[in-house]
2 protein chains.
Amino acid sequence: MARHDVPGDRPAEQPPDAGQDRRELIRLAAVELFARHGYRGTTVRAIAERAGVDPALVMYHYGSKENVFSTVIRETMRAEELLPELPRLLDEVADTDSADDPAADGTCPGGPGSRLLRGFLTRWEDAATRPSLLVVFRSAMEHPEASQLFREVAGGELLLPLARRIPAPDPELRAALVASLLVGLVTGRYVVPIEPLAGMELDTVVGLYGPYADDMLLGRLGGSPPPGRPGG
Amino acid sequence: MARHDVPGDRPAEQPPDAGQDRRELIRLAAVELFARHGYRGTTVRAIAERAGVDPALVMYHYGSKENVFSTVIRETMRAEELLPELPRLLDEVADTDSADDPAADGTCPGGPGSRLLRGFLTRWEDAATRPSLLVVFRSAMEHPEASQLFREVAGGELLLPLARRIPAPDPELRAALVASLLVGLVTGRYVVPIEPLAGMELDTVVGLYGPYADDMLLGRLGGSPPPGRPGG
DNA sequence: ACTTCTGTTCAACGGATGTTGAGGATCCAG
DNA sequence: CTGGATCCTCAACATCCGTTGAACAGAAGT
């Protein structure tokens, strides 16, 4: 019997070149195809063909199509993989002492929001990483498991730790705001590219969106007149 | 032969109660299912069953599954349907004379961006309209035709007219910025709901996002966000 | 009454899909 | 040499898919 196990026990006792290379080949093919055509648009046979392998081997290694998908999603959605510089960014967010008016100082060219933005976008710019991210992103709109996993990781492992460090009122709200800003940006730049957003330089994008991200994290929410919600 | 015509010639000469009610019933069932399960996740048989009709009748009226989908998409993506108050909003955008510093006047509780936001969100809040919007939104990430149509309508009929009226530099860029803001907001509130964004009152959302939308439309890009210093 | 047209159903087709069971190849232990 | 274990292929399975052709009911025109 092969190991179709989702759990994290990786014995890694057998020689790494024996069999596991084909399994990895299948996974990579699956990432590519899931990213392009979504869950239902990708067939087990297509994955096998792209990996140069018999369809039955996919079942042998993963047990089911659903399990291939699960594996790909979970692999991608590990926070360390998704945003390796997260701990450093968290510290930067917490280090910002001018909580109420971060821009009045005039000395910060890019606040923590800008740096968070740049971190994510850098991952997306990498042609090797983008397919994996696209899998999660696209299928979060199609596949229930992907949707839930997306919520769990995005919320629990990224936004919540971020929110806890924000030295400003309503941290969860601020985290959600930045998240939605990022989702919109990524969608318009990589998923359904619209110009001129898709063609701009990374630095230009960060320069444009950064101030909004910074303000969402540390600024005074609600703009000029506080509509109904007393911030603090 | 039935009329599987996509083109806009609507003779509407035959009695409206003859046969056309079943056709409409099928379309409504399709909207609901496409919204929930996407294009590939929805089968002709499922549409037929939900409409209480034989699968062959779907083919008779629409010719193909692809055509059912096209019809649904095009029906939803008509600008008048999508945002009926667009002309009024365009005038409001153009009427803002304080191009450089819209917030300094202190008399506008919500700028044109806020009103644009409110217009879209109001459509999304309507439980009867939301499925249609979800169809377009979800399948723009899955189906090539939906993606292209989304780009055409969103870009050509909404953003471009909007951009032309903006009394500020880089109008296309500003339109794209607002679009991405809206996409992120809608995604986090309706498509993959995340808290506290999904549970907030409409007014609260407009109060939070409005200033950013206003600044994207009329503010000084790349500089300080709305509550910051006046850009002089 | 006879035909014609439209709306509708029924039963079926060919093809694609996820999955499986039997078995081949290779290697290592007894 | 035997026997199990691991990796892998082949051929097939049952099911579901979109689509089609034949046929039927009813209204309308002749």
Side-chain angles (χ1 to χ4, degrees), chain A residues 1-5 9-30 33-34 36-72 139 142-143 145, chain B residues 1-5 10-30 33-34 36-72 139 142-145:
Chain A
M1 187 177 56
R3 36 186 87 66
H4 321 137
D5 39 357
D9 51 304
R10 304 241 148 202
E13 294 173 319
Q14 68 276 2
D17 53 292
Q20 291 309 95
D21 49 349
R22 307 282 283 267
R23 184 183 156 109
E24 185 65 7
L25 222 62
I26 291 173
R27 211 203 88 225
L28 290 178
L33 291 181
F34 280 140
R36 264 215 278 277
H37 306 116
Y39 179 74
R40 315 217 197 204
T42 301
T43 70
V44 174
R45 285 171 159 89
I47 295 174
E49 188 183 16
R50 180 170 243 268
V53 141
D54 191 275
L57 191 62
V58 178
M59 307 306 293
Y60 172 74
H61 276 303
Y62 290 92
S64 70
K65 177 188 176 183
E66 183 71 31
N67 212 333
V68 180
F69 185 72
S70 271
T71 305
V72 168
S139 50
E142 175 194 7
H143 199 85
E145 173 171 9
Chain B
M1 185 178 54
R3 35 189 87 67
H4 320 138
D5 35 38
R10 303 241 148 202
E13 295 173 318
Q14 68 277 0
D17 53 291
Q20 291 308 96
D21 49 351
R22 308 283 281 267
R23 185 185 154 108
E24 184 65 7
L25 222 62
I26 291 173
R27 211 203 87 223
L28 291 178
L33 291 180
F34 280 141
R36 264 214 279 277
H37 307 116
Y39 179 74
R40 315 218 191 195
T42 301
T43 70
V44 174
R45 285 170 158 89
I47 295 175
E49 188 183 16
R50 179 171 244 268
V53 142
D54 191 274
L57 191 62
V58 178
M59 307 306 293
Y60 173 74
H61 276 303
Y62 291 93
S64 69
K65 176 188 178 182
E66 183 72 29
N67 212 332
V68 181
F69 185 73
S70 272
T71 305
V72 168
S139 51
E142 173 195 9
H143 199 85
E145 173 171 7

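Residue numbers begin at 1 in each chain, while the letters A, B, ... track the order of the sequences. The structure presented is a predicted model; accordingly, all values stated were derived computationally and were not measured.
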(request) Check the surroundings of atom CD in A:Glu66: do more than 12 heavy atoms from other residues, nucleotides or ligands lie under 6.0 Å from it? (result) yes
(request) Take atom NZ of B:Lys65 and atom P of D:dC17, then tell me their distance rounded to the nearest Å. (result) 9 Å
(message) If I take atom OH in residue A:Tyr39 and atom C1' in nucleotide C:dT17, what distance separates them, rounded to the nearest angstrom?
(response) 11 Å
(request) Go through D:dT9, C:dT19, C:dT9 for me and flag the one nearest to the A:Leu57 side chain. (result) D:dT9
(message) What is the distance, to the nearest angstrom, from the CZ atom on A:Arg23 to the P atom on D:dT6?
(response) 14 Å
(request) Consider the side chain of B:Val44, meaning its heavy atoms from C-beta on, and name the nucleotide among C:dT9, C:dT19, D:dT19 that approaches it most closely. (result) D:dT19
(request) Side-chain contact test, heavy atoms from C-beta onward, threshold under 4.5 Å: evaluate it for A:Asn67 versus A:Thr71 and give yes or no. (result) yes
(request) Measure from OH on B:Tyr62 to P on C:dT8 and round the result to the nearest Å. (result) 12 Å
(request) State whether A:His61 places a side-chain N or O below 4.0 Å from either non-bridging phosphate oxygen (OP1 or OP2) of D:dC8. (result) yes
(request) For the side chain of A:Ala56, starting at C-beta, report the closest nucleotide among D:dT20, C:dG21, C:dT19. (result) C:dG21
(request) Test for a donor-acceptor pair under 3.5 Å between the base of C:dG7 and the side chain of B:Arg22, counting only N and O atoms. (result) no
(request) Looking only at side-chain atoms of A:Tyr60, point me to the closest of D:dC8, D:dA12, D:dT19. (result) D:dC8
(request) Taking side chain to side chain donor-acceptor pair (under 3.5 Å) as the test, write out the residues that go with A:Arg40, two or more places apart. (result) none
(request) May I have the distance from A:Asp54 (atom CG) to C:dT17 (atom P), rounded to whole angstrom? (result) 15 Å
(request) Would you kindly give the CD-to-P distance between A:Glu49 and C:dG18, to the nearest whole Å? (result) 13 Å
(message) Tell me the interatomic distance from A:Met59, atom CE, to D:dC10, atom P, rounded to whole angstroms.
(response) 17 Å
(message) Does the plane of the ring in B:Phe34 sit parallel, tilted or perpendicular to the ring in B:Phe69? Use 30° and 60° as the thresholds.
(response) perpendicular
(request) State which of C:dA12, C:dT19, C:dT8 makes the closest approach to the side chain of B:Arg45. (result) C:dA12
(request) Look at the side chain of A:Val53 and decide which nucleotide, out of C:dG7, D:dT9, D:dT19, has an atom nearest to it. (result) D:dT9
(request) Between A:Gly52 and B:Thr42, name the one whose nearest nucleotide on DNA chain D is closer to the 5' end. (result) A:Gly52
(message) I need the CZ-C1' distance between B:Phe69 and D:dT19, as an integer number of Å.
(response) 19 Å
(message) With rounding to the nearest 0.5 angstrom, report the CG to CZ distance, A:Leu25 to A:Arg27.
(response) 10.5 Å
